[in-house]
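Both backbone and side-chain heavy atoms feed into the values below; hydrogens, waters and symmetry mates do not.
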Amino acid sequence: MHEYFMEQAIMEAKKALEFDEVPVGAVIVLDGEIIGRGFNKRETSADPTAHAEMIAIREAARCLGSWRLTNTRLYVTLEPCPMCAGAIVNARIHTLVYGVADPKAGAVSSLMNLVQDSRLNHRVEVIDGVCRETCGKLLKDFFSSLRKQAKDNQER
């Protein structure tokens with residue numbers, strides 16, 4: 001079950017590649033149905049909040065007509081940053097499922113654990129490592145390609 005919805009998030013991440021965006025994708029699920037989708041759009045929209053999770057959360061809230069996304073699961077290819085982790089808590093998302101850790105900005109297990117902080121009014125169930133290899137490869141290939149492009153441009 002988790003693999004199916006993570007594959008849907010991976011499909012979203014691949015859409016980001018079409019816009020030269022960091023390939024992160026997210027879907028929000030309620031009762032086995034996707035109610036929100038998103039992929040990174042920071043560069044194309046010039047919006048620092050246009051992370052995959054934020055876009056999926058906004059879409060799910062519109063779908064439900066409520067900011068409370070209780071009983072939902074968020075599937076995202078990369079561990080959420082502090083902004084997204086805060087939004088996950090504020091939206092009252094029940095479960096977060098992510099593919100690969102983010103050692104530079106992750107706010108679930110890497111740098112801190114914002115979504116399960118007992119000082120906050122809501123805590124999120126976390127499942128990590130779903131489709132880890134595929135999610136990690138998407139990011140690794142993307143950044144490898146960027147480095148190659150930069151090197152090629154330097155040599156010209």
Side-chain angles (χ1 to χ4, degrees), residues 2-30 33-140 142-143 146:
H2 293 310
E3 289 79 12
Y4 171 78
F5 289 114
M6 187 59 76
E7 287 293 332
Q8 296 296 307
I10 290 167
M11 288 171 53
E12 292 297 313
K14 289 178 179 177
K15 290 178 185 176
L17 288 171
E18 297 172 24
F19 299 95
D20 294 323
E21 295 275 2
V22 176
V24 178
V27 297
I28 297 181
V29 177
L30 177 64
E33 180 182 336
I34 295 173
I35 60 168
R37 293 177 176 273
F39 60 89
N40 273 3
K41 294 181 181 175
R42 284 192 323 174
E43 299 297 330
T44 54
S45 66
D47 179 355
T49 69
H51 289 203
E53 302 96 318
M54 300 296 283
I55 294 166
I57 287 169
R58 287 182 193 120
E59 188 174 297
R62 277 193 300 273
C63 177
L64 296 179
S66 174
W67 62 268
R68 289 180 183 87
L69 303 181
T70 53
N71 301 316
T72 62
R73 289 189 313 267
L74 168 63
Y75 292 83
V76 62
T77 57
L78 180 65
E79 177 185 1
C81 72
M83 173 185 66
C84 294
I88 290 164
V89 170
N90 284 321
R92 310 297 195 268
I93 290 172
H94 184 273
T95 305
L96 165 66
V97 182
Y98 70 89
V100 66
D102 183 350
K104 293 183 179 181
V108 178
S109 64
S110 295
L111 300 178
M112 63 191 82
N113 187 348
L114 192 60
V115 299
Q116 294 178 327
D117 191 316
S118 62
R119 296 169 294 179
L120 298 176
N121 63 345
H122 177 72
R123 278 161 291 295
V124 178
E125 176 186 14
V126 175
I127 301 168
D128 67 353
V130 176
C131 300
R132 177 182 288 129
E133 292 76 23
T134 304
C135 295
K137 184 172 176 8
L138 267 174
L139 290 160
K140 182 179 177 183
F142 175 78
F143 287 111
L146 279 185

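The side chain to side chain contact (heavy atoms under 4.5 Å, CB included) test with R73 singles out one residue from I28, V29, V27, and that residue is V29.
Between L78 and A101, the closest heavy-atom pair is CD1-O, 3.8 Å. Nearest heavy atom pair, residue I34 against residue Q8, reads CD1-CG, 3.7 Å. Heavy-atom minimum distance, T70 versus L30: O-CD1, 4.2 Å. In terms of heavy atoms, L69 sits closest to L64 at CD2-CD1, 3.7 Å. Scanning both residues, C135 and V100, for their nearest heavy atoms gives CB-CG1, 4.1 Å. The two residues L114 and P82 come nearest to each other via the heavy atoms CD2-O, 3.5 Å.
Side-chain contact between R58 and T49 is present, with at least one heavy-atom pair separated by less than 4.5 Å. The side-chain heavy atoms of S109 and V126, taken from C-beta on, include no pair separated by under 4.5 Å. Within the 4.5 Å cutoff, the side chain of K14 has no heavy atoms near those of the P23 side chain.
Atom OG in S45 sits 6.5 Å away from atom CD1 in I55 (nearest 0.5 Å). To the nearest 0.5 angstrom, C131 atom SG is 6.0 Å from M6 atom CE. Atom NZ of K41 is separated from atom NE2 of H51 by 13.5 Å, given to the nearest 0.5 angstrom.
A donor-acceptor distance shorter than 3.5 angstrom exists from the side chain of E21 to the backbone of E43, with no hydrogens or angles considered. Counting only distance, with no hydrogens or angles, the side chain of E59 and the backbone of R37 share a donor-acceptor pair below 3.5 Å. T77 places no side-chain N or O within donor-acceptor distance of the main-chain N or O of A9, the cut-off being under 3.5 Å. At distances below 3.5 Å, at least one donor-acceptor pair connects side-chain atoms of E79 with backbone N or O atoms of V108. Put simply, the side chain of N40 never gets that close to the backbone of R42: no donor and acceptor are under 3.5 Å apart. For the pair S110 (side chain) and D102 (backbone), a donor-acceptor distance under 3.5 Å is present. Side-chain atoms of R123 do not come within 3.5 Å of backbone N or O of N121 as any donor-acceptor pair.
Ring-plane geometry between F19 and F39 is classed as parallel, the angle between the planes falling under 30 degrees on a 0 to 90 degree scale with a further cut at 60.
A salt bridge does not link K15 to E18: none of the charged nitrogens lies less than 4.0 Å from a carboxylate oxygen.
Sorted pairs that involve residues 93-125 and meet ring pair (Phe, Tyr, Trp, His ring centres under 6.0 Å), not counting sequence neighbours, are lacking altogether.
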